[in-house]
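One structure is given here, and the rest of the page talks about it.
Chain A is the first sequence line, chain B the second, and so forth, proteins listed ahead of strands; every chain is numbered from 1.
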Amino acid sequence: MDLMAIIRIAMRALARNKLRSILTMLGIIIGVGAVIAMVSVGQGAQQQAQQQIAAMGSNMLYVSSGTVNRNGMRMGWGATKTLVMEDMDAIKKECPAVRDAAPGSQTTAQVVFGSDNWATNIIGTSPQYFDVRTWPFAEGTSFTQDDVTTAANVAVIGETVRKNLFGATEPVGETININNIPFQVTGVLSMKGTSGGFGQDQDDVILIPITTLQKKITGQDWLRWIMVSAISRQASYAAQEQITAVLRDRHRIRPGEDDDFFVRNLADIAQLADQNAQLFTILLGSIASISLIVGGIGIMNIMLVSVTERTREIGIRMAIGATEGDVQQQFLIEAIVLSLAGGAIGIFSGLAASYLITHTLHWPVLVSPAAIIAAVIFSMAVGIFFGFYPARKAARLDPIEALRYE
Amino acid sequence: MTATISQTAPISHSSSGERAVILVEDVHKYYDLGETRVHALRGVSASIERGEFVSIMGASGGGKSTFMNILGCLDKPTSGRYILEGTEVSKLDKKELALIRNRKIGFVFQGFNLLARTTAQENVELPTLYAQVSRDEGRKRAHESLELVGLGDRTHHYPSQLSGGQQQRVAIARALVNRPSILLADEPTGNLDSRTAVEIMDIFQKLNDKGLTIILVTHEPDVAQFAKRSLFFRDGKIRKDEAVLNRPVASEVLKNMPILED
Ligand SMILES: Nc1ncnc2c1ncn2[C@@H]1O[C@H](COP(=O)(O)OP(=O)(O)O)[C@@H](O)[C@H]1O
Ligand SMILES: [Mg+2]
């Protein structure tokens with residue numbers, strides 16, 4: 001018998017029991033909706049991470065003071081005091097693959113403007129920093145190399161700091177107090193957003209000359225890190241090797257001994273962040289898939305009840321000429337129609353949920369067509385898998401017994 | 001060698017003439033219920049020719065339904081032969097049996113056995129869905145079939161909106177929709193009042209007049225008298241096989257019966 005007729009029979013049977021059909025679909029609707037929404041959130045995070053890293057510049061390298069073994073204790077990043085200004089000068093001079101570099105050290109401090117105050121990150125660096133990070137100014141300019149030489153009290157502020165300290169006031173030219181030392185604001189950075197890899201607000205920052213930070217605030221003369229830009233993206237791996245060689249030489253590290261610094265290629269960091277976001281997507285997707293499987297079990301459950309309830313109907317169909325194959329196909333198609341219809345509704349509710357997440361939680365969301373196609377295929381597979389057993393049970397009924405069933 | 005239902009070559013050693021549509025030879029049927037064995041049929045032989053109208057009578061438990069289920073290809077005999085239009089049924093597989101139930105045989109039950117929440121029209125269409133019949137053709141045939149049983153104006157009613165007699169007529173229309181050559185009815189009037197029972201017999205007589213072979217199980221002599229021939233079953237055997245004398249015409253009988261309100 002032809003498939004269209006069987007589909008028609010199955011559709012009629014489902015239409016006869018609308019409420020039950022809808023309740024059966026509910027599990028699949030929720031499952032597919034959850035998969036679509038969760039994968040969209042995961043992929044949104046992945047895309048954002050990639051965009052942020054691209055904005056940072058993929059030819060960037062990050063050199064930081066490293067670990068040291070002290071009495072067998074291994075200390076974390078930034079534990080050594082061996083990274084100094086002269087290291088940066090050497091990197092600039094001796095590494096042909098390096099275009100530019102900026103030193104860095106940081107602390108946190110309370111900042112006051114008028115009656116407002118704000119606790120924020122204070123980074124000490126040089127004007128090259130904004131170039132290396134390709135970070136444009138919204139207003140004003142950077143402090144100058146002279147300001148670094150003279151350890152001047154000047155500052156560049158991030159957007160979050162501007163918002164919290166100044167509100168509607170124009171910041172450039174105003175004076176703020178960091179640890180009760182007055183600083184003149186020379187510029188405001190454009191907004192950078194939340195870092196994908198680190199999850200922190202990059203705009204919650206004040207940048208001052210490195211010398212000013214070292215002499216007037218922290219009293220330390222070593223660096224926490226050096227930001228380096230390579231001459232090209234391809235050159236970043238060469239730059240990594242050159243920097244390592246220069247620093248090992250300067251720090252007198254013998255062959256076989258561990259580095260007392262880290263050189264991080266941003267291409268690597270980008271890859272790592274990407275992997276993290278991918279893992280996040282897989283995790284969310286698999287949690288949501290479980291609800292899809294639960295939905296499938298729901299279909300099987302209701303289909304089994306349905307076969308028992310409709311024993312007499314099955315007997316009648318067999319008595320008027322339905323073969324075992326006809327009955328099996330009918331119930332299988334009922335299950336597939338239920339799961340596909342549930343899948344279709346689930347896609348729409350998943351899209352609606354994604355929309356809500358973007359607009360209420362302001363999370364980045366990326367709806368992928370692949371997730372939708374996968375949801376359709378998966379819900380059909382669920383229908384076939386969980387519909388098969390009840391359908392077979394229906395087809396194996398003895399017509400006479402089925403007709404006698406009350 | 002496999003028999004197919006299109007094969008209609010007469011069986012040469014048939015004892016009761018060449019024109020038998022149904023030929024049953026020494027059919028036994030027993031059910032094993034654990035320790036005990038229930039003998040439902042203990043050697044039934046009969047021959048029914050095209051155009052006959054046979055009633056099967058007998059006390060409850062006599063094996064009538066078992067016999068009908070075998071004739072209707074819903075069940076198989078434990079031993080013995082059943083030849084339907086020249087084809088030995090015991091040699092057919094399940095698929096071929098389903099095909100026979102769909103095309104050659106119409107079955108009517110005591111309890112109507114209509115699908116609930118399904119209109120009369122859709123109930124009658126059901127067998128056409130399992131036949132190689134186009135949708136339009138199926139619809140047309142179902143409508144014709146309903147008109148034949150006098151329900152042309154009730155096509156969109158649900159079983160719950162119809163009286164018992166009307167439901168049984170829908171069931172008869174369904175049994176006829178694929179134009180079978182045999183109609184099997186197992187106590188079709190068992191749940192109906194006497195006037196409605198005669199109305200059903202009226203339909204049967206008219207169908208039989210047009211050449212349909214009908215086999216009807218009943219335990220009411222009043223109903224059985226409308227058939228042309230009567231078989232009496234007792235303890236799994238046919239005890240009596242006789243022609244009905246002075247067969248009344250149902251449409252005439254109806255004229256003298258009071259019309260009851262549903
Ligand atoms: N499926 C079955 N299993 C066991 N015994 C059965 C079954 N069907 C019928 N029987 C037995 O077979 C005998 C004949 O039953 P049946 O053909 O239904 O008689 P009738 O229709 O004449 O009342 C009865 O004793 C009945 O209990
Ligand atoms: Mg019976």
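- Both the backbone and the side chain of Thr118(B) come within less than 4.5 Å of a heavy atom of chain A.
- Comparing Leu126(B), Leu114(B), Val177(B) by heavy-atom pairs within less than 4.5 Å of chain A, the highest count is held by Leu126(B).
- Of the atoms belonging to Asn69(B), it is side-chain heavy atoms, and not backbone ones, that fall under 4.5 Å from chain A.
- Cation-pi check for Lys237(B) over Phe233(B) is not met; the charged atom does not lie both under 6.0 angstrom from the ring centroid and within 45 degrees of its normal.
- Residues Glu313(A) and Arg16(A) are paired through a salt bridge, judged by an N-O separation under 4.0 Å between the basic side chain and the carboxylate.
- Contact check on Arg141(B) versus Glu144(B) returns no salt bridge, with no Lys/Arg side-chain nitrogen under 4.0 Å from an Asp/Glu carboxylate oxygen.
- The residues Glu125(B) and Arg12(A) are annotated as salt-bridged, a charged nitrogen and a carboxylate oxygen being separated by less than 4.0 angstrom.
- Ala116(B) touches chain A through its backbone: at least one of N, CA, C or O sits under 4.5 Å from a heavy atom, while the side chain does not.
- Top candidate by heavy-atom pairs under 4.5 Å with chain A, chosen from Arg135(B), Lys95(B), Arg174(B), is Arg135(B).
- Using a cut-off of 4.0 Å between Lys/Arg side-chain N and Asp/Glu carboxylate O, Glu334(A) and Arg310(A) are scored as salt-bridged.
- Within the 4.5 angstrom heavy-atom criterion, only side-chain atoms of Gln330(A), from C-beta onward, approach chain B.
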